[in-house]
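Hydrogens, waters and symmetry mates play no part in the numbers below; they use all other heavy atoms, side chains included. Residue numbers start from 1 in every chain, and the chains themselves are labelled A, B, ... in the order their sequence lines are given, proteins ahead of strands.
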2 protein chains.
Amino acid sequence: MKNDETSSTLREARQDFVSQWGAIGNAWGINRTMAQIHALLITSPEPLTTDEIMAELRISRGNANTNLRDLVGWGLIRSVLRPGERKEYFVAEKDVWKMFCIIARERKRREITPAMEILQRCRDKTRGLKSREAKDFSDQIDALQEFLRLAERILETAASSEQSKIMKLAAKLFAG
Amino acid sequence: MKNDETSSTLREARQDFVSQWGAIGNAWGINRTMAQIHALLITSPEPLTTDEIMAELRISRGNANTNLRDLVGWGLIRSVLRPGERKEYFVAEKDVWKMFCIIARERKRREITPAMEILQRCRDKTRGLKSREAKDFSDQIDALQEFLRLAERILETAASSEQSKIMKLAAKLFAG
DNA sequence: TCATATTTTCAATAAATACTGAAAATACAA
DNA sequence: TTGTATTTTCAGTATTTATTGAAAATATGA
């Protein structure tokens with residue numbers, strides 16, 4: 001296979017990955033464009049500028065800017081400056097385990113914690129009530145809370161350990 | 001506190017839970033109405049009919065029907081028939097651990113598996129290529145695949161074990 | 001069978017979300 | 001300063017997703 005064939009095959013595979021990853025992100029509740037930009041950056045050998053991303057994905061400047069900022073907000077990408085150039089370049093964290101840790105922490109902060117707070121408020125309201133129904137209700141809320149608390153701790157622990165420790169744990173888990 | 005005060009406090013707490021749970025579901029990428037119906041059913045002492053759900057949430061018959069069917073599709077609720085009545089009643093699985101198992105299995109099937117297939121296809125396309133760039137690309141895809149495979153196995157294992165086993169595991173995890 | 005209760009479907013509509021493009025704001029070099 | 005490169009904002013628009021409500025389909029008892 002010639003060099004240009006190789007690189008066009010690679011380009012195609014990458015484009016495919018980017019567009020498909022967008023579709024997956026969509027199924028996972030993540031904005032399609034954001035997922036595509038992320039896919040582009042984790043498979044890019046070089047940092048990319050906003051204009052390059054706009055061109056590659058055929059999206060507007062506003063759209064690119066918004067989603068790049070969101071990704072920076074998640075901590076999944078960061079901007080780098082090249083000496084002598086004014087443009088911002090973006091690079092993604094490529095280590096899959098680190099990506100997971102970042103996402104786990106953020107989701108915990110954005111999703112689990114608020115849910116726990118709501119449960120706590122419902123719990124407080126019915127704490128004093130003595131009827132059977134009230135008791136069943138607060139037991140159910142309790143159970144949800146306890147489950148979320150466990151999930152929270154597991155995520156927290158996983159996200160702050162070395163990948164190698166998790167792998168060992170997984171080994172144990174599958175051993176029975 | 002009088003009986004009617006007790007029950008109105010309970011009613012309020014429950015309404016609060018249902019509407020807040022809808023908002024949370026929304027943040028987690030789940031249809032608000034579906035989350036609300038689910039919240040209603042897991043805190044209901046009795047099975048409910050479509051009409052009761054419509055009235056409680058002030059939604060249309062079509063909307064109620066669609067979301068009830070979706071919940072049945074997930075396996076999170078099921079319909080029960082009362083002898084001598086034509087109406088369908090719905091009950092939710094209330095055990096939080098069982099709920100988790102159901103959701104884990106479904107998400108694996110609906111989200112992780114398709115993502116893995118896409119990665120596999122991208123991998124296949126670039127397998128033969130020898131350039132540095134191509135190698136980096138397929139290494140990255142590999143890493144993603146490996147991670148998803150691990151996630152898949154962990155979910156699978158967790159979802160098919162007893163809750164008590166997971167609790168023991170969690171204990172170990174936090175012990176260091 | 002017919003009359004009635006109940007569920008399902010689906011075209012129309014509403015609501016939420018994502019995207020564009022150009023103007024405004026900002027940053028920087030001369 | 002002033003001019004230029006770059007980023008941000010945001011009103012307007014497009015697209016997607018959710019919801020309604022009524023008609024059609026289905027199920028049931030007499």
Side-chain angles (χ1 to χ4, degrees), chain A residues 18-41 47-74 76-91 110-111, chain B residues 18-41 47-74 76-91 110-111:
Chain A
V18 168
S19 91
Q20 297 296 299
W21 203 246
I24 290 170
N26 208 228
W28 286 60
I30 291 152
N31 175 314
R32 198 171 50 88
T33 302
M34 191 162 123
Q36 288 189 340
I37 293 179
H38 188 230
L40 201 57
L41 285 171
L48 300 177
T49 64
T50 302
D51 291 80
E52 286 166 328
I53 290 165
M54 286 165 60
E56 184 70 30
L57 301 180
R58 318 276 189 86
I59 59 175
S60 73
R61 185 171 302 283
N63 195 9
N65 185 264
T66 306
N67 284 292
L68 283 166
R69 289 304 140 209
D70 285 353
L71 283 165
V72 170
W74 273 81
L76 288 169
I77 69 172
R78 65 200 160 77
S79 78
V80 293
L81 295 175
R82 290 189 168 175
E85 280 196 65
R86 290 198 193 171
K87 273 207 212 8
E88 261 186 304
Y89 284 76
F90 295 93
V91 281
R110 297 178 189 210
E111 294 165 5
Chain B
V18 168
S19 91
Q20 299 295 299
W21 203 247
I24 290 170
N26 209 229
W28 286 59
I30 290 151
N31 177 313
R32 198 171 49 90
T33 302
M34 192 162 123
Q36 288 189 342
I37 294 179
H38 188 230
L40 201 57
L41 286 171
L48 300 176
T49 64
T50 302
D51 290 80
E52 286 166 327
I53 290 165
M54 285 165 60
E56 183 71 30
L57 302 179
R58 318 275 188 86
I59 59 175
S60 72
R61 185 172 303 283
N63 194 9
N65 184 264
T66 306
N67 284 292
L68 282 165
R69 289 305 141 210
D70 284 354
L71 283 166
V72 171
W74 273 82
L76 288 169
I77 69 172
R78 67 202 160 76
S79 78
V80 294
L81 293 176
R82 291 187 168 177
E85 282 196 63
R86 290 199 193 171
K87 274 207 210 9
E88 260 186 306
Y89 284 76
F90 295 93
V91 280
R110 296 179 190 208
E111 294 165 7

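- Atom pair B:Glu85:CD and C:dT7:P shows a separation of 11 Å (rounding to whole Å applied).
- Here the P atom of nucleotide D:dT19 and the CD1 atom of B:Ile53 are 14 Å apart, to the nearest Å.
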Protein N or O to nucleotides 25-30 of chain D N or O, pairs below 3.5 Å:
residue	atom	partner	partner atom	Å
D:dT28	O2	B:Arg86	NH2	2.9
D:dG29	O4'	B:Arg86	NH2	3.3

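- In this structure, B:Lys87 atom NZ and C:dT8 atom P are separated by 14 Å, rounded to whole Å.
- One atom, CG of A:Asp51, and another, C1' of D:dA5, lie 11 Å apart when rounded to the nearest Å.
- Just one residue in the list A:Leu40, A:Leu68, A:Ile77, A:Val91 forms a side-chain contact (heavy atoms from CB on, under 4.5 Å) with A:Leu48, and that residue is A:Leu40.
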Hey, can you pull the donor-acceptor pairs under 3.5 Å for the side chains in residues 25-37 of chain A, sequence neighbours left out?
residue	atom	partner	partner atom	Å
A:Asn31	OD1	A:Thr33	N	2.8
A:Asn31	OD1	A:Met34	N	3.2

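- In this entry the distance linking CD of A:Glu88 with P of C:dC28 reads 10 Å, nearest Å.
- No donor-acceptor pair closer than 3.5 Å links the side chain of B:Asn65 to the backbone N or O of B:Arg61.
- When rounded to the nearest whole Å, the span between CZ of A:Arg82 and C1' of D:dT6 equals 16 Å.
- Neither OP1 nor OP2 of D:dT7 sits under 4.0 Å from any side-chain N or O of A:Asn65.
- Rounded to whole Å, the distance from CZ on B:Phe90 to P on C:dT6 is 13 Å.
- Among all heavy-atom pairs drawn from B:Arg82 and B:Pro47, the shortest one is NH2-CD, 3.8 Å.
- Once rounded to the nearest 0.5 Å, the distance linking CD1 of A:Ile24 with OG of A:Ser19 reads 9.5 Å.
- In terms of heavy atoms, A:Lys87 sits closest to A:Leu81 at O-CD2, 3.9 Å.
- No side-chain donor-acceptor contact under 3.5 Å links A:Glu56 to the backbone of A:Ile53.
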Could you write out each protein N or O paired with an N or O of nucleotides 13-20 of chain C at a distance under 3.5 Å?
residue	atom	partner	partner atom	Å
C:dC19	OP1	A:Thr33	OG1	2.6
C:dC19	OP2	A:Thr33	OG1	3.1
C:dC19	OP2	A:Asn63	OD1	3.3
C:dC19	O5'	A:Asn63	ND2	3.4
C:dT20	OP2	A:Ser60	N	2.7
C:dT20	OP2	A:Ser60	OG	3.0
C:dT20	OP2	A:Asn63	ND2	3.1

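- Closest approach of B:Phe90 to B:Leu41, counting heavy atoms only: O-CD2, 3.3 Å.
- As rounded to whole Å, 15 Å separates atom C1' of D:dT7 from atom OH of A:Tyr89.
- In this structure, CG in B:Asp51 is found 5.5 Å from CE in B:Met54, a value given to the nearest 0.5 Å.
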